[in-house]
A.B. asks: 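Here it is, the structure in full.
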Amino acid sequence: MDRNKLAELAIEAKKLSYSPYSNFKVGAALLTKDGKVYKGANIENAAYGSSMCAERTALYSAMVNGDKEFEAIAIAGDAEVYTPPCGSCRQVMLELGGKELEVILVAPTMETKTFKLSELIPFSFDDGYLKK
Ligand code: ZN
């Protein structure tokens with residue numbers, strides 16, 4: 001899928017945000033290896049710790065719908081330029097998407113900045129460290 005289209009879907013997903021506390025909307029569009037797209041948005045809660053980020057709502061939605069192979073995720077937030085994923089999302093993306101996952105940050109101007117996930121979470125803890 002064209003990455004500009006994925007970026008547009010991330011911006012569109014921002015509208016699904018439920019963020020009455022931070023007033024900071026984030027949208028994500030997750031592309032599976034077979035071309036499906038799952039949208040995600042941040043969903044907040046009065047008990048702040050129960051809130052969830054856009055990246056993880058997209059990933060979890062894909063997982064419970066049986067999709068486990070991901071190619072790219074586009075992220076659009078309310079920051080002036082790019083909204084990078086938080087540490088928890090980087091860890092979850094590593095677990096579910098792998099080091100090669102393409103992470104596309106989308107600015108409000110539609111400019112994009114693309115990373116390999118391994119660049120965003122170097123020297124990471126993963127299942128390789130666990131005894132099996
Ligand atoms: Zn996050």
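Model, not experiment: these values are computed from the prediction. All values below come from the heavy atoms of this structure, side chains included, with hydrogens, waters and symmetry mates left out. Here, residue 1 is the first one in the sequence, and each next residue gets the next number. Remember, it's 1-based here, ligands and their atoms both numbered in the order they're listed.
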A.B. asks: Could you pull out all residues at least two apart from Glu44 that satisfy salt bridge (charged side-chain N to carboxylate O under 4.0 Å, His left out)?
C.D. replies: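 Per chain and number, Glu44 pairs via salt bridge (charged side-chain N to carboxylate O under 4.0 Å, His left out) with no residue.
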A.B. asks: Less than 4.5 Å apart, side chain to side chain, heavy atoms only: is that true for Leu96 and Tyr60?
C.D. replies: yes
A.B. asks: Cluster partners of Val37, using ILVMFWY side-chain heavy atoms under 4.5 angstrom, listed by chain and number?
C.D. replies: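 Taking Ile, Leu, Val, Met, Phe, Trp and Tyr as members, Val37 shares its hydrophobic cluster with Met1, Leu6, Leu9, Ile11, Leu31, Ile104, Val106, Met110.
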A.B. asks: Restricting to under 2.8 Å, identify the protein N, O or S atoms around the Zn ion (ligand 1) as residue plus atom.
C.D. replies: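 Result, waters dropped: Cys53 SG, Cys86 SG, Cys89 SG.
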A.B. asks: Return the set of residues passing ring pair (Phe, Tyr, Trp, His ring centres under 6.0 Å) with Phe123 (not counting sequence neighbours), or none when no residue passes.
C.D. replies: none
A.B. asks: Using the six-membered ring wherever Trp is involved, compare the ring planes of Phe125 and Tyr129 and label them parallel, tilted or perpendicular (cut-offs 30° and 60°).
C.D. replies: parallel
A.B. asks: Do you know which two heavy atoms are closest between Ala13 and Ala28, and how far apart they sit?
C.D. replies: CB-O, 3.5 Å
